2 protein chains.
Amino acid sequence: MNSSKSNIKKQVSEPTLRRLPVYLYFLEKVREDGIINISAPTIGKNLKCDSTQVVKDLAVTGIKGKPRVGYNTYELIHALEDYLGFNRTNEAFLVGTGNLGSALMAYQENQSLGIKIIAAFDTNEKKIGTHVGNIHVLEYKKLFHLAERLNVKIGIITTPNEVAQDVAEDLMNCGVKAIWNFTATILDLPGKIIVQNTSLSTSVAVMLRRLNDSEKITN
Amino acid sequence: MNSSKSNIKKQVSEPTLRRLPVYLYFLEKVREDGIINISAPTIGKNLKCDSTQVVKDLAVTGIKGKPRVGYNTYELIHALEDYLGFNRTNEAFLVGTGNLGSALMAYQENQSLGIKIIAAFDTNEKKIGTHVGNIHVLEYKKLFHLAERLNVKIGIITTPNEVAQDVAEDLMNCGVKAIWNFTATILDLPGKIIVQNTSLSTSVAVMLRRLNDSEKITN
DNA sequence: ATTAATTAAAGAAATATTTCCTTAATAGCG
DNA sequence: CGCTATTAAGGAAATATTTCTTTAATTAAT
Ligand SMILES: NC(=O)c1ccc[n+]([C@@H]2O[C@H](COP(=O)([O-])OP(=O)(O)OC[C@H]3O[C@@H](n4cnc5c(N)ncnc54)[C@H](O)[C@@H]3O)[C@@H](O)[C@H]2O)c1
Ligand SMILES: NC(=O)c1ccc[n+]([C@@H]2O[C@H](COP(=O)([O-])OP(=O)(O)OC[C@H]3O[C@@H](n4cnc5c(N)ncnc54)[C@H](O)[C@@H]3O)[C@@H](O)[C@H]2O)c1
């Protein structure tokens, strides 16, 4: 409507994007129970959200539901996985194999996170040469050699906060386009690099504040 | 304006709440550099956000900035910590001492997460009796005994998805008011219980989708 | 002291997101 | 076979959030 150039699809909003994996996980459970079709109101009741919200959110996948029947579970799961990129092999490098880094490495051995960590890097000699499952911990310097050959687009940073900016720049120079940043450091990178900050402090902040609010209401 | 009852302060919005720890971390770095006063535009420039946004967000703490000077760093940090509850000892139980649970336990040994895990619980006999730092892993059954004595308000769930609902209900029955849920399970609990879902899938979803979007623009 | 520049605060406007409402489709039922 | 209840879709309204504007305060410079 406003811009003349075509194929500029409006970017899907973050709140919607954040809800999509929740639908996906719910639908997977539902499919296991052998349910073929499910309606938006049913999804909404289970996930405690508005049914119109559900309809609008799911519409981004392009899947159409049938009135009086709902959505085809199988079809919807596939469309969501496809839309979110969970069914592709999104290869990633992980830097910093400490507590959190190891947990992430161990995790993806069992369950799919939507991302496949193909190598991990650390500067600590005690870590280098070890492995978690099939993922080997390599010398940090090797990042540059490997990046040339493998065309890895995603970097995960689980180093101490102090070195995060340097690591991020290195990753970027190795061709990484998206960085999943678990440190508290605010990364200063060109806008074209996608930075996903996952700071646990934000979750704690919201939770503690709500807890505090609720205690005030009670008295 | 609409409700007659007083002292019903409007709940601070989630986006704002999520930004507050980011300011806090930034200000701590700034304080280390010996900076006494800092203005909203300066904060905005560093954190790449609008300065009015900064002013509005920080206003929730009640701290006033001085024109031409900005905010007092020290005062602001304290106010933020106080508002978010980070300076109180928010004692918590952790249930499920696997990869992620252990990482969280190890983490808070070094850095403050705003929460103090005082005990961890597991059903796996191999885990029971072990400890991470000062935090002991106890038999899950002991949760009920301990909860009576200690007046713990926060529970952290890092168990497999399948048992999360049961664990959540147990925690609730032990007097826990807020649950930090790392599993993909959508917990079905009374509204008075505060549930903070921290699913890594949501972060991955947003990141992968944005990456996909950016690749489309490039071609 | 006076002026100019910077800044927070408060309110207005714009934008984004959610909720509501209407419409059309359709499966199940009588 | 037609009716009814349910439902998705699309648009409108309401709400929430962010950005823009104006104002007043205050400090630093002259
Ligand atoms: N562990 C958690 O539960 C947790 C929770 C929230 C946030 N975090 C954040 O995640 C980050 C990591 O936390 P952690 O507990 O895993 O820390 P950690 O100290 O256990 O691990 C950091 C790892 O990074 C490595 N490293 C240091 N400098 C490096 C460099 N220049 N290049 C490559 N590797 C390097 C270290 O050798 C170490 O193995 C921190 O920013 C922390 O704030 C962790
Ligand atoms: N590890 C990660 O990086 C990661 C990332 C994202 C999400 N998660 C989620 O976090 C949860 C835990 O993941 P994980 O990798 O740590 O799993 P894990 O299997 O390593 O750990 C689970 C722990 O829970 C214990 N447990 C099982 N049943 C229990 C019960 N009824 N009561 C108490 N304890 C019980 C197990 O003995 C085990 O120690 C999962 O829901 C997972 O989806 C983990």
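Proteins come first, then strands; the chains are lettered A, B, ... in the order of their sequence lines, and each starts at number 1. Keep in mind it's a predicted model, so treat the numbers as computed, not measured.
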Could you tell me how far apart N72(B) (CG) and dT27(D) (P) are, to the nearest whole angstrom?
13 Å

Just call it for T52(B): base, sugar-phosphate, or nothing, with non-hydrogen atoms closer than 4.0 Å on any strand.
base

Please report, rounded to the nearest Å, how far the P atom of dT6(D) is from the OH atom of Y71(A).
18 Å

5'-most to 3'-most nt of DNA chain C touching chain A (<4.0 Å, heavy-atom partner on protein side) reads dT17(C) to dG28(C)

Nearest-nucleotide comparison on DNA chain D, the residue closer to the 5′ end among P67(A) and K56(A):
P67(A)

Neighbour count >12 (heavy atoms, 6.0 Å) for atom NZ, K192(A)
no

Find the distance D50(A):CG to dA13(D):P and express it as a whole number of Å.
18 Å

Evaluate side chain to side chain donor-acceptor pair (under 3.5 Å) for Y23(B) paired with D57(B), printing each intermediate quantity in order.
CA-CA 9 Å; Y23(B) 298 127; D57(B) 285 344; 2.6 Å; yes

Under 4.0 Å: is that the gap between some side-chain N or O of R68(A) and OP1 or OP2 of dC3(D)?
no

Quick one: list whatever passes side chain to side chain donor-acceptor pair (under 3.5 Å) with K45(A), sequence neighbours left out.
none

Among dA9(D), dT27(D), dT19(D), which is the nearest nucleotide to the side chain of Q53(B)?
dT19(D)

Pairwise 5' ranking along DNA chain C for P15(A) and V69(A), keeping only the more 5' one:
P15(A)

From the list L189(A), V167(A), N197(A), side chain to side chain contact (heavy atoms under 4.5 Å, CB included) with I179(A) holds only for L189(A)

Tell me the interatomic distance from I38(A), atom CD1, to dT6(D), atom C1', rounded to whole angstroms.
15 Å

For K29(A), look at atom NZ and say whether over 12 heavy atoms of other residues, nucleotides or ligands are found less than 6.0 Å away.
yes

Would you say NZ of K116(B) has more than 12 non-hydrogen atoms from neighbouring residues, nucleotides or ligands within 6.0 angstrom?
no

